[in-house]
Number of protein chains: 2
Amino acid sequence: MDARKQDILLAIITDYIATAEPVGSRTIARKYRLGISPATIRNEMADLEEMGYIEQPHTSAGRVPSESGYRYYVDYLMKREELSSGEEKLIRENYRSKVKDVGQVIQLTGQLLSQLTRYAAVVMSPRVGPSAFKHVRLIGMGPGRAMMLVVMDNGSLHHRMVEVPESITDPDLETISSVLSAKLQGHTMESIKMTLIKEIYAELARHRNILDLALDLIREGLTVEPGDKIYLGGVFNILNQPEFHNVEKVKTLLSLLEQEEMVCNLLSGGEDAPGVTVRIGNEMHCREIVDCSMVIAPYRISGRAGGSIGVLGPTRMDYAKVVSVVECMTRNLSRALEEMFAGRGT
Amino acid sequence: MDARKQDILLAIITDYIATAEPVGSRTIARKYRLGISPATIRNEMADLEEMGYIEQPHTSAGRVPSESGYRYYVDYLMKREELSSGEEKLIRENYRSKVKDVGQVIQLTGQLLSQLTRYAAVVMSPRVGPSAFKHVRLIGMGPGRAMMLVVMDNGSLHHRMVEVPESITDPDLETISSVLSAKLQGHTMESIKMTLIKEIYAELARHRNILDLALDLIREGLTVEPGDKIYLGGVFNILNQPEFHNVEKVKTLLSLLEQEEMVCNLLSGGEDAPGVTVRIGNEMHCREIVDCSMVIAPYRISGRAGGSIGVLGPTRMDYAKVVSVVECMTRNLSRALEEMFAGRGT
DNA sequence: TGTTAGCACTCTTAATTCATGAGTGCTAAG
DNA sequence: CTTAGCACTCATGAATTAAGAGTGCTAACA
């Protein structure tokens, strides 16, 4: 593809992203002074169409970028649009003031993401990954009831109400807690050996039944519970896009986005790629979502993969801006989380 | 309002709810055999219109219920439509299998609510209300870091990462935890007196600085943190309604619903009313949301107000069904939560 | 050989017109 | 008080038309 074709393709995509209208040869000649006439541009456009980078909605309409067109643009033509100093400041100040717990950081990130891009934002909360027990505790909550607390050394916290025999007293629970805590501490789920379990049973023979319960819960709770929490916001922004003036489209999109699992799938898969990933149209493997793209990037905590953040918008989205924003936000998010977990065993 | 007018109003509203089309005298005479001719119906309709219960979108269209019309219907004419046995079963089975923690129950309730009504569901998680400390604990999480855990006797759990002097050792934290736990146990936020604080300081004079921190956090965390969590789901259902085929409307609605605070306001205010409250159109005090109604009901935990659940749909919603569903769901939700907190000091 | 002006052709979009029909209100008769 | 009849209104949708944007092709030009 020669330089002039690139110029023209760039012009088409830039214009289409800005206006959402099919763009014709005349427009390009007028707005983007490339020093060539509409007729020449038409010839080049015919070539570009043949190559599959642009297409015509119908004869006698201008051209519209195809998915491969956007792909080429993102890969070779696009210049990132750096954040304005005002935007940078907004981000810094928000992160400075509102970083209390993980949930809040996730939510803040999502809000900023959608606010800055004016598209929908998706943020996955950090996957806990393998981590070791720090503290286990059973707390009596009235006759026959107890709350089980498990704190992991990565700062994650699990809790669950459990039924216990009424005969168990608070001191009993205290004893059990101490033993469990002491024995499990430092172990990960996987490193718990039968020998360890046996030791625990030996020390707490009297409380065999409640132990069964507790150990089951630990096993079950820790493998199932961290069902990836997802922040999703700014969906209404997408409705500003003319391509979503069709209510049917909106409906299918909304109903899909309400399924956490689906959203989670959309976001996952790019964790190993180092930087920002752009998925255009069908590259998001989801038949039902049409005319959409995502810009995704993983964030890290203490060097380890944490989760991903992403922006969902129309294929005609402002990639130049969004890519910058997403990248900037991963940096901020990573930093915020790292500060929060600072001092954890690396 | 005489009986015949009531019959006609009922017919109009029933038909309009079913079809979303303005309903004319002819239709009523044909479909609802009231034994009177279209002409008579027309006369009555003219009266009903004068009374403000119905209105005409334009001359030569049928009549449409006004907000007062719906109000009259809900108050005097409506017959609740009880749940089918299949629906009852669906609810029972879901509650039987998925009641682990509060969050899950809230989510389940919302899902069922929107699934059964085919409108949007809003569920407020239980306000914790005044409750007493059960357990306080500081857990070292690496140099200079600790996690503070506070368990209340109503089963709510608060946690927070805190920075502590690096000089503090794990046994120190252990000591502090024990004292705090012992002293605070049984007290509510409000019943903590200066004398108690002094006692604590006396016993832990060595750790004055960390105590300051911890007590501050407790105060702050417990008053601020329970920022009403809200479940919102099934919004896409509303898009099935013909009155929401206008994308602008959808957009404003969506953007409002993304603000948790706003949703919270919508839901609140009906806690003292004993049963189901129906808010029609402007009765929801929200200018921006138009052509919508809500059916709201409070749920209780152990006799105390817990929170509210609600269904948001078009003013033309199927009140007869929704009211039943909402009421049924409050019962189920209350029961589920009560079971979960069973044994708490009444 | 590449570029450009000119031109006929296509096809969408918006505006206009027109007919249809649903529904009303009024009047007068039962 | 009820109802049949009738003239009138007005939204809706179909059909027609005009305008305009954009193309591809051809032929002339550098």
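Note that the structure is a prediction, hence the values are computed from the model and not measured. Reckoned from all heavy atoms, side chains included, excluding hydrogens, waters and symmetry mates. Proteins come first, then strands; the chains are lettered A, B, ... in the order of their sequence lines, and each starts at number 1.
Checking the phosphate oxygens (OP1, OP2) of D:dG22, no side-chain nitrogen or oxygen of A:R30 falls inside 4.0 Å. Contact check, B:T40 against D:dT3: a side-chain N or O comes under 4.0 Å of OP1 or OP2. In this model, the phosphate group of C:dC11 is approached by a side-chain N or O of A:T59 to a distance below 4.0 Å at OP1 or OP2.
A:S324 places a side-chain N or O within 3.5 Å of a backbone atom of A:E81 that can act as its donor or acceptor partner. The backbone N or O of A:V278 lies less than 3.5 Å from a partner atom in the side chain of A:R71, making a donor-acceptor pair. A side-chain donor-acceptor contact under 3.5 Å links B:E258 to the backbone of A:G234.
Of the two residues contacting DNA chain D, namely A:R63 and B:G35, the nearest-nucleotide position lying further toward the 5' end is that of B:G35.
For A:E49, the listed nucleotide lying nearest its side chain is D:dG24; candidates were D:dG24, C:dG25, C:dT4. When each of D:dC10, C:dT12, D:dT2 is scored by its nearest atom to the side-chain atoms of B:S60, the top-ranked nucleotide is D:dC10. For B:S37, taking side-chain heavy atoms from C-beta onward, the closest of the listed nucleotides C:dT10, D:dT3, C:dT4 is D:dT3. For B:H58, the listed nucleotide lying nearest its side chain is D:dC10; candidates were C:dC11, D:dC10, D:dA4.
Rounded to an integer number of Å, the gap from CZ of B:R26 to C1' of D:dG5 is 13 Å.
Residue B:A39 is in base contact, counting any heavy-atom pair closer than 4.0 Å across all strands shown.
A donor-acceptor contact under 3.5 angstrom links the side-chain atoms of B:R42 to the base of C:dG25.
Take B:Y73 and apply the ring pair (Phe, Tyr, Trp, His ring centres under 6.0 Å) test, not counting sequence neighbours, and it matches no residue.
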